[in-house]
Amino acid sequence: MKIDRYEKIFMLLGVGILAMGLIAIAISVLHYGLHVPSPDGRIAPGDVRATSPWDEPGVYETGDGEYEVIMLAETWRFVPDEVRVPAGSEVTFRMTSPDVVHGVLIEKTAVNVMIIPGQIATVTHTFDEPGEHLFVCHEYCGTGHHLMSGRVVVE
Ligand code: CUA
């Protein structure tokens, strides 16, 4: 079969670009350990409120300048809806929902996650500057969706 020279170059370019893409994926997975976000664990949604630590949601100091926020996203509020931490704190949010799908977006940060019933979402952010960060539910979750908000107060 005769293949035109330019056709051959074009095919080689196509294969080469594909190979570079696969190599880039392999390097990011094997060398840098990148992976898509995955749940930290699962609880039956009906058991969430009775399961530690979500039976006692709140803000907990876990170390020097380190905090853990155990948060419930439920129809239609966040518990807790106010998080107060000193400036410079590294805050790990551990969140789940006992009812329907919610989401949380904390303004002026990269925190933006889905909160799926019974699925544990963990995300960490360091709040360097004093100030307030509004957070809202960003997944339509029913008639009270627009009421779901809270704030992180960095002191
Ligand atoms: Cu919860 Cu929208």
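In each ligand, atom 1 is the first atom listed, and ligand 1 is the first ligand listed.
Atom 1 (Cu) of ligand 1 sits nearest to atom ND1 when only the N, O or S atoms of H102 are considered. Nearest N/O/S atom of H145 relative to atom 2 (Cu) of ligand 1: this is ND1.
Residue contacts to atom 2 (Cu) of ligand 1: H146 brings no N, O or S atom closer than 2.8 Å. Residue T75 does not count as close to atom 1 (Cu) of ligand 1, with no N, O or S atom under 2.8 Å. Atom 1 (Cu) of ligand 1 has an N, O or S atom of C141 closer than 2.8 Å. Coordination check, H138 versus atom 2 (Cu) of ligand 1: failed, since every N/O/S atom of the residue sits at 2.8 Å or beyond.
For the pair O of E139 and SG of C137, the angle at atom 2 (Cu) of ligand 1 is about 90°; rounding is to 10 degrees.
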*Candidate pair F135 and H133, rule ring pair (Phe, Tyr, Trp, His ring centres under 6.0 Å), full reasoning*: CA-CA 6 Å; F135 60 85; H133 299 257; 10.0 Å; no

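By the 6.0 Å contact criterion, OH on Y60 is enclosed, its count of non-hydrogen atoms from other residues, nucleotides or ligands being greater than 12. Counted within 6.0 Å of CG on D4, heavy atoms from surrounding residues, nucleotides or ligands total more than 12; the atom is thus considered enclosed.
Residues E155 and P130 are not in side-chain contact: their nearest non-hydrogen atoms beyond the backbone lie 4.5 Å or more apart.
With hydrogens and angles disregarded, no donor-acceptor distance shorter than 3.5 Å links the side chain of Y6 to the backbone of K8.
Of all heavy-atom pairs spanning T96 and I115, the tightest one is C-CG2, 3.4 Å.
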